[in-house]
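Written out below as structure tokens is the structure these notes cover.
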Amino acid sequence: MAPPDTAPALEADPALSAASTATPTATRPPRAWRLPERSVTIAVGLAALAVTAALVVGTRAEDIHTEHRLLDLRAHDAANVLDAALPSVETPLASAAALVEATNGNTAVFGSYIGPSVGPNQRFVSASLWRPGDPQPLAVVGARPALVADPAVAAAFLDRPDTPSTVHLTPKLGSPSAPRLGYSVAAPGTPAPYIVYVEVALPTGRRINIASNSAFAGLDYALFIGRAPNPAQLIQASVPTPIAGGAAVTIPFGDSAFTLVLKARHPLAGTFDARMPWFIAIGGIVLSLAFALLTDVLVRRRRDAERLAARLDHVAEDNRRLYADQRTVAETLQLALLPAELPRSTHATVAVHYVPGVEGIHVGGDWYDIIDRGRSDMLVVVGDVSGRGLQAATTMASLLYAVRAYAAEGYSPAEILTRLSALVSVEASGHFATVLCASLDLISRRITLVSAGHLPPLLIADGTPTFLDCPVGVPLGVGESTTYSPRTADLPAAASLLAFTDGLVERRGESLDVGLERLRAAAADAKHRPLSDLLADVVHTLVGDGGDDDTVLVAVRWPS
Amino acid sequence: MAELGAQGAPLEATIDRSSPRRPVVSLAGELDLSNVGALEQLIAPLLDGGSHGLVFDVCGLTFMDSSGIALLLRTAARLPQVTLRQPPEIIRRVLDSTGVSLVLNIEP
């Protein structure tokens, strides 16, 4: 007599069970380091302001560049105007010098030639004829030359080894209230026999008002003797000198030059161009604020969305835990209810195998029971409550205990199922159950089999395994006091009987018969294998590591 | 038509109310624990709305587990005339093996 096989399901190790039910509590990844909330807004605002500043600076630089260019153009225009005016000074002087030389210093001829150009409203205020080295003029027309009042300047100015026909400019002359500027030209000859000298009046205080139609209109200007704007050599200016930031242009004249310094009173390119940087600055600041506000709104929305998502995660996590708890309770209940120990018999070997379904979080309602009723009468029950979870497990529990009670009362399988049918109502509980109940006489090998909608057991004897068909009654839960028809059969020696639940053979999209055939094939050489190995092999072949559904197998083998 | 398989097995359900006393619920796909709740919600108004009966047209069904059968049985327990129309061979085999075809009215 072989000891009863033990099956994995019976070794209901709490640790194992706990391990199998441990739901993956999603450990959240550590929160990534994040910028403070406001900093994104501030960064966007600052970036926009930086762009604005760059645009302002660029526009301003372009504007300054344009202004400089335009001022240079105006300065050159003004210099051209001035340059064109210079012959009006130069020509009479050169002609007078030629005339004086031709007439051997005839003062009368000099006077009559230059006279019309000299006077209060004429080009010159004073004209005079000089001999080089002589501190006094030979002749004077108009006002007395200011040069006479300053002998040192006169000597330095008149004693130079002049080249004929070259115009010389005096340094500044005259009183501050009546300043003058002097020009001289030496008559042809070496050394020059005569020098023609004229003085022009400069405006009082050397300050001049600019006519609106002049070349200098709209400009501040200052005119200097020499090639640099030397304040001591100022001829005249429209504003107090020095003029900061003006454009300077030099106009050669005789042996010296004039230097003209100009500055625009108003932006030459127009006020709009000049104000453009301001427009950009104001617009840029407004846009920067708008960007920052928009960013702030977006950041807040995103944060709110993240918080909501986190809350939803939390809820989902709670749900997972609840389901896991429920599953644990149901599984614990299921495992606790299933027989902890199989009855031992000297007449037959018994083995069971239980595989929990892997899909979903609910345990199923599959169960089995093997009850030794004495006198070699053994009751084998395999059942399957529809649905899953705690409700299915409790329905299963009530059925299991009811079967044990009715079995103890000595009821036949058919009577047991009829009584069970009163305990389940699909209308009330939502569940129904299929049950296979078999009473085995271990000695005579007579079996009485009843099915409430359950798949028939597989009989493995000599030859091909066959299903031990019996009338299929309605499942439990669809009506009270249903009657069931038993099938009685006498099994051959060395027979094995394998009862199971549909999880073993049922597959999506496949006929039940295909699964049943697979089972038959897997059990073909059953009698050469130990019963527990047979069950393990069958499960491995048909279910692998576990199907959608729970699977229960119960096997009884008679020795040969 | 309602897609009921968003979180589980694919299932399409169509309700035809052209005969209001006996609306037709056409099912296609797989009916199992993952979507049976959604289907039950979908047909709940038909059970409360004074229907005399209900037809489940299951010719498009490829799989039905015990939760699906339980739904059929619950519906049959509440309405006088519940009919299963044109179950495919695979479904028919399950109905026979579970004894459900003994209590449900089945139109081939």
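All values below come from the heavy atoms of this structure, side chains included, with hydrogens, waters and symmetry mates left out. None of these values were measured; they are calculated from a predicted model.
Per-residue counts of heavy-atom pairs under 4.5 Å with chain A were compared for B:Thr62, B:Ile69, B:Asp65, B:Ile91; the largest is that of B:Ile69. Contact count against chain A (heavy-atom pairs under 4.5 Å) is highest for B:Ser97 among B:Ser97, B:Ser67, B:Ser101.
Scored by the side chain to side chain donor-acceptor pair (under 3.5 Å) test, A:Ser496 finds A:Arg557 as partners (sequence neighbours excluded). Residues meeting the side-chain contact (heavy atoms from CB on, under 4.5 Å) test with A:Asp513, sequence neighbours left out: A:Ser511, A:Leu516, B:Arg93.
Residues of residues 423-432 of chain A that come within less than 4.5 angstrom of chain B, heavy atom to heavy atom, are A:Val426, A:Glu427, A:Gly430, A:Phe432 in numerical order.
When heavy atoms are compared at a cutoff of 4.5 Å, A:Glu506 approaches chain B solely by way of its side chain, counted from C-beta outward.
Residues A:Val381 and A:Leu436 have side chains not in contact (no heavy-atom distance under 4.5 Å, counting atoms from C-beta outward).
B:Glu107 CD: more than 12 foreign heavy atoms inside a 6.0 Å radius.
Ion pair A:Arg311/A:Asp318 not flagged as a salt bridge, since none of the NZ, NE, NH1 or NH2 atoms sits closer than 4.0 Å to an Asp/Glu carboxylate oxygen. The pair B:Glu89-B:Arg92 does not count as a salt bridge, with every side-chain nitrogen at least 4.0 angstrom from each carboxylate oxygen.
Residue pairs satisfying the side-chain hydrogen bond (donor to acceptor under 3.5 Å, both in side chains) criterion with at least one member in residues 449-459 of chain A, sequence neighbours excluded, are listed as follows: A:Thr434-A:His454.
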